[in-house]
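First up is the structure itself, then whatever we jot down about it.
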Amino acid sequence: MSWTWRCRNPTATVTKPLRLPLADRVALVTGASQGIGRAIALELAAQGAAVALAARNADKLAQVADEIRAAGGQAEAFALDIADEASIKSAAKAVLARFTKIDILVNNAGITRDGLMLRMKRADWDEVLNTNLTGSFLLTQVVSAAMLRARYGRILNITSVVGQTGQAGQANYSASKAALIGLTKSLARELASRHITVNAVAPGYIETPMTAVLNDEQRAAMMKDIPLARAGTDADIAHAVAFLASDGAAYITGHVLNVNGGMYMG
């Protein structure tokens with residue numbers, strides 16, 4: 001990719017390479033094998049970052065890595081079970097060994113185990129909180145140590161509109177995402193002095209494999225609450241993450257960026 005500069009002599013041109021916004025940056029994206037995580041990884045790579053793809057599904061990760069490389073980007077796949085502390089430490093160590101640094105961390109991996117509160121099993125509560133919240137905390141703890149030494153970092157937590165509004169049948173998921181917002185704001189205060197920003201992106205109703213389980217009645221109910229009258233796409237979230245990961249967002253920290261079509265305007 002290049003741009004053409006015209007000097008005062010109208011017959012002369014000089015072509016210089018165009019520097020991509022995230023050139024020389026290394027990004028670690030969890031849950032990168034599909035959906036929003038995959039879209040984020042593709043967008044960060046398109047903007048010049050080398051991307052460490054992390055998830056449990058090795059085959060799907062390999063496909064995403066191949067897709068990025070085919071487009072001229074850099075990507076490596078790393079096995080990660082975000083619900084397992086040993087796996088978190090091992091994956092982070094492997095990424096640092098391969099790339100020597102992590103400039104951007106995107107905590108995207110998450111699960112749902114829906115059910116009404118009175119019928120919710122303790123195991124379903126624990127699994128969702130352990131994966132969506134504790135896993136993100138533990139990975140951030142490991143990765144931020146390297147960022148502190150480098151005195152630079154961008155940490156992005158993917159939360160949810162239901163972490164702001166609540167949702168019947170999703171007490172565990174909503175609680176995990178609301179807590180992730182609190183974690184974001186607390187860490188933003190702790191890490192700011194070392195030039196590390198911590199922000200969250202809160203998707204609304206996004207067409208992904210996770211929302212594919214909704215029936216037509218549930219989808220219609222969702223649309224009634226969206227002023228833009230459409231579901232969001234994984235690309236909508238990826239663009240928001242890429243902005244917050246860029247130097248253009250250097251003065252933004254502790255912020256929750258709502259990407260929900262107007263579904264929630266708090």
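Just so we're clear, the structure is a prediction, and the values are computed from it rather than from any experiment. Numbers here simply count residues along the sequence, with the first being 1.
No side-chain donor-acceptor contact under 3.5 Å links Asn199 and Thr253. Between the side chains of Tyr152 and Arg194, no donor N or O sits under 3.5 Å from an acceptor N or O.
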Where do Arg219 and Asp216 land on the side chain to side chain contact (heavy atoms under 4.5 Å, CB included) test, with the steps shown first?
CA-CA 5 Å; Arg219 287 191 176 86; Asp216 291 341; 4.0 Å; yes
Passes salt bridge (Lys or Arg N to Asp or Glu O under 4.0 Å), Asp24 versus Arg19? Steps please.
CA-CA 10 Å; Asp24 302 324; Arg19 182 180 174 82; 3.1 Å; yes
Might you work through the side chain to side chain contact (heavy atoms under 4.5 Å, CB included) test for Thr30 and Val106, ending with a clear yes or no?
CA-CA 6 Å; Thr30 68; Val106 183; over 6 Å; no
Could you give me the CA-CA distance, side-chain angles and deciding distance for Asp236 and Arg230, then say whether salt bridge (Lys or Arg N to Asp or Glu O under 4.0 Å) is met?
CA-CA 12 Å; Asp236 291 324; Arg230 72 168 178 88; 3.3 Å; yes
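In the displayed structure, Glu207 atom CD is contacted under 6.0 Å by more than 12 heavy atoms of other residues, nucleotides or ligands. With a 6.0 Å radius and a threshold of 12 heavy atoms from other residues, nucleotides or ligands, Arg189 has its CZ atom at or below the threshold. For NZ of Lys185, the number of neighbouring non-hydrogen atoms (other residues, nucleotides, ligands) closer than 6.0 Å is 12 at most.
Contact between Val29 and Gly37 at its shortest, heavy atoms only, is CG1-O, 3.7 Å. Of all the heavy atoms in Trp125 and Ala175, the pair that sits closest is CH2-CB, 3.8 Å. When all heavy atoms of Met223 and Tyr205 are compared, the pair lying nearest together is CE-CE2, 3.6 Å. Closest heavy-atom contact between Ile88 and Gly135: CD1-O, 3.8 Å. Residues Val259 and Ile206 approach most closely at O-CD1, 4.3 Å, considering heavy atoms.
A donor-acceptor distance shorter than 3.5 angstrom exists from the side chain of Gln218 to the backbone of Asn215, with no hydrogens or angles considered. In this structure, the side chain of Asn108 does not engage the main chain of Ile158 through any donor-acceptor pair within 3.5 Å. Asn258 places no side-chain N or O within donor-acceptor distance of the main-chain N or O of Asn260, the cut-off being under 3.5 Å. The closest donor-acceptor contact from the side chain of Ser144 to the backbone of Gln141 lies under 3.5 Å. At least one donor-acceptor pair under 3.5 Å links the side chain of Asn172 to the backbone N or O of Arg113. With hydrogens and angles ignored, the 3.5 Å screen pairs a side-chain donor or acceptor of Arg69 with a backbone N or O of Ala75. At least one donor-acceptor pair closer than 3.5 Å links the side chain of Ser246 to the backbone N or O of Gly248. A donor-acceptor pair under 3.5 Å is absent between the side-chain atoms of Ser174 and the main chain of Gly163, judged by distance alone. With Ser136 contributing its side chain and Asn132 its backbone, the two residues share a donor-acceptor pair below 3.5 Å.
Between Ile181 and Gln164 the shortest side-chain heavy-atom distance falls below 4.5 Å. Looking only at side-chain heavy atoms (C-beta outward), Leu53 and Glu76 stay at 4.5 Å or farther from each other. Looking only at side-chain heavy atoms (C-beta outward), Ser33 and Gln63 stay at 4.5 Å or farther from each other.
By the criterion of side-chain heavy atoms lying less than 4.5 angstrom apart, applied directly or through intervening Ile, Leu, Val, Met, Phe, Trp or Tyr residues, Leu139 is not grouped with Leu44; the two fall into different hydrophobic clusters. Follow the hydrophobic side-chain contacts under 4.5 Å out from Val201 and you reach Ile36 in the same cluster. The cluster map of Ile, Leu, Val, Met, Phe, Trp and Tyr, joined by side-chain heavy atoms under 4.5 Å apart, puts Ile68 and Leu22 in the same cluster.
Contact check on Arg122 versus Asp124 returns no salt bridge, with no Lys/Arg side-chain nitrogen under 4.0 Å from an Asp/Glu carboxylate oxygen. No salt bridge links Glu43 with Arg38; every basic N to acidic carboxylate O contact stays at or beyond 4.0 Å.
Figure legend: cation-pi geometry between Arg25 and Phe99 absent, as NZ or CZ is not positioned both under 6.0 Å from the six-membered ring centre and within 45° of its axis.
Screening Leu257, Ile104, Thr197, Thr184 for a side-chain contact (heavy atoms from CB on, under 4.5 Å) with Leu156, the sole residue that qualifies is Ile104.
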